[in-house]
Amino acid sequence: MMERVYDTQDGLFDVAWSEINENQLVASSGDGSIKMWDATLTDFPIQNWKEHQREVFSVDWNLITKDVFSSGSWDHTVKIWNPQAPRSLQTYTEHTHCVYSTAWSPYNPTVLMSGSGDQTVKIWDTKSPRSVQTLFAHNNEVLSVDWNKYNQDMLVTGSVDKTVKVWDLRNPSREVVCLPGHEYAVRKVKCSPHRANIIASAAYDMSVRFWDINAPPGQNLIDVHDAHTEFVLGVDWNLYVEGQVATCAWDENVHVFIPPTILQR
């Protein structure tokens, strides 16, 4: 049953539940705004921030401090927000192309990363006005980033160059593993919350692929879900049911399933 529907003036690219208030969520919009909604209220957003100059492509809530969230925009900036503040707390302007993805570290409350069309991933510490590390990650735009939940130095990237890469921040000169196999741009990467070695990736080739980063080279691909009939834009793991994922695509379908090989790893 649908509980709430909110109308906006433009397309929405991302949404994130508040970590402080179970009824509140933020959504990022094509008109450059970020709106906060309260599910107990029927009509208008309770906050409406309009600082970004272009589409806001991603929002991500800090899971540790719980009082801030980040946004990434086509205006090349990353911003940090507190839901109680009328203006952003910080703006990072080092990227030279669209920022497609931001993600807070699950280990360090002040650290986040951003993936950009300038082919880099930047690591930020909110205690510092400039990036603390830059990875020259791909030979094309970086569309998605995620942290490994079991290793605070490990992260994963997905790119228009059709690859998924695993990185160790202690040795950022080259990737730990490169995972080719998608036929078009990789739109989303997500590390398993239950297995340190398992990654899911969704792509414009209409497939979702599952990888074991500890497998021998050339044997990393362990499962392919190809039941969607359009671009797959989203994939996420169920925190409460091991191995279960949900995927969504332009075919207007959500698939919920457990890949057959996942629980055997």
Side-chain angles (χ1 to χ4, degrees), residues 2-93 95 98-106 108-116 122 124-126 142-147 149 187-191 193 202 233-239 246-248 254:
M2 188 81 71
E3 291 190 27
R4 288 282 182 269
V5 176
Y6 300 107
D7 284 328
T8 62
Q9 300 303 307
D10 208 309
L12 301 176
F13 286 102
D14 203 6
V15 64
W17 279 106
S18 165
E19 288 294 313
I20 302 175
N21 187 317
E22 64 185 18
N23 295 311
Q24 294 178 356
L25 63 158
V26 290
S28 62
S29 175
D31 65 7
S33 71
I34 299 170
K35 293 177 170 61
M36 174 174 271
W37 310 88
D38 191 307
T40 64
L41 305 173
T42 53
D43 291 327
F44 301 105
I46 57 173
Q47 274 276 28
N48 186 12
W49 297 278
K50 187 74 164 65
E51 288 186 29
H52 282 297
Q53 303 302 306
R54 293 283 308 278
E55 293 90 336
V56 185
F57 209 67
S58 71
V59 283
D60 190 59
W61 212 284
N62 190 313
L63 298 176
I64 303 176
T65 67
K66 302 184 185 299
D67 60 346
V68 291
F69 65 92
S70 58
S71 61
S73 169
W74 288 11
D75 66 8
H76 306 180
T77 68
V78 176
K79 288 179 180 283
I80 310 298
W81 309 83
N82 179 300
Q84 307 301 322
R87 309 272 309 163
S88 61
L89 306 180
Q90 276 168 286
T91 301
Y92 295 118
T93 59
H95 281 298
C98 304
V99 178
Y100 290 110
S101 183
T102 63
W104 290 94
S105 166
N108 190 321
T110 61
V111 170
L112 71 154
M113 65 173 159
S114 54
S116 170
K122 287 185 177 287
W124 313 89
D125 190 318
T126 56
V142 181
L143 299 184
S144 183
V145 294
D146 194 30
W147 296 92
K149 310 304 183 286
R187 179 63 170 76
K188 192 79 170 181
V189 290
K190 210 73 181 176
C191 296
L233 299 192
V235 59
D236 202 8
W237 298 90
N238 187 334
L239 195 58
T247 62
C248 64
V254 172

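- Between Phe13 and Phe57, the angle of the ring planes lies from 30° to 60°, which puts this pair in the tilted group.
- Not a single donor-acceptor pair under 3.5 Å links the side chain of Thr65 to the backbone N or O of Pro109.
- Heavy-atom minimum distance, Trp237 versus Cys191: CD1-O, 3.4 Å.
- Every residue two or more places apart in sequence or in another chain that forms a side-chain contact (heavy atoms from CB on, under 4.5 Å) with Asp14 is listed here: Ser28, Ser58, Val59.
- Take Glu19 and apply the salt bridge (Lys or Arg N to Asp or Glu O under 4.0 Å) test, not counting sequence neighbours, and it matches Lys66.
- The salt bridge (Lys or Arg N to Asp or Glu O under 4.0 Å) pairs that include a residue from residues 76-89 are Glu51-Lys79, Glu51-Arg87, where partners are two or more places apart or lie in different chains.
- Not counting sequence neighbours, the partners of Ala246 by the side-chain contact (heavy atoms from CB on, under 4.5 Å) test are Val256.
- Formation of a donor-acceptor pair under 3.5 Å by the Thr110 side chain with backbone atoms of Thr126 is not found in this model.
- Scanning both residues, Ser33 and Val56, for their nearest heavy atoms gives O-CG2, 3.9 Å.
- Under the side chain to side chain donor-acceptor pair (under 3.5 Å) rule, Ser70 has a single partner from Trp104, Tyr92, Trp61, which is Trp104.
- In this structure, NZ on Lys188 lies 9.5 Å from CG on Leu233, to the nearest 0.5 angstrom.
- Between Trp124 and Ser114 the shortest heavy-atom distance is NE1-OG, 2.8 Å.
- Separation of atoms CG (Leu112) and CG (Asn62) is listed at 8.5 Å; rounding is to 0.5 Å.
- In this structure, Asn48 has no side chain to side chain donor-acceptor pair (under 3.5 Å) partners at least two apart in sequence or on a different chain.
- By the side-chain contact (heavy atoms from CB on, under 4.5 Å) test, Asp236 pairs with Lys190, sequence neighbours left out.
- Ser73 meets the side chain to side chain donor-acceptor pair (under 3.5 Å) test with Asp75; sequence neighbours excluded.
- Every residue two or more places apart in sequence or in another chain that forms a side-chain contact (heavy atoms from CB on, under 4.5 Å) with Gln24 is listed here: Ser18, Asn21, Met36, Asp38, Ile46.
- The CD atom of Gln47 sits 9.5 Å away from the CG atom of Asn82 when rounded to the nearest 0.5 Å.
- The main-chain N or O of Asp31 is found under 3.5 Å from a side-chain atom of Ser29 such that the two form a donor-acceptor pair.
- The shortest distance between side-chain heavy atoms of Trp147 and Val111 falls below 4.5 Å.
- A search for side chain to side chain donor-acceptor pair (under 3.5 Å) contacts involving Asp60 returns nothing, not counting sequence neighbours.
- Within the 4.5 Å cutoff, the side chain of Trp37 has no heavy atoms near those of the Phe44 side chain.
- The salt bridge (Lys or Arg N to Asp or Glu O under 4.0 Å) test applied to Lys149 returns Asp146, not counting sequence neighbours.
- Every side chain to side chain donor-acceptor pair (under 3.5 Å) that Ser71 has, sequence neighbours left out, goes to His52, Trp81.
- Nearest heavy-atom pair, Ser105 versus Ile64, reported as atom, atom and distance to 0.1 Å: O-CD1, 3.7 Å.
- Rounded to the nearest 0.5 Å, atoms NZ (Lys122) and OG (Ser116) are 8.5 Å apart.
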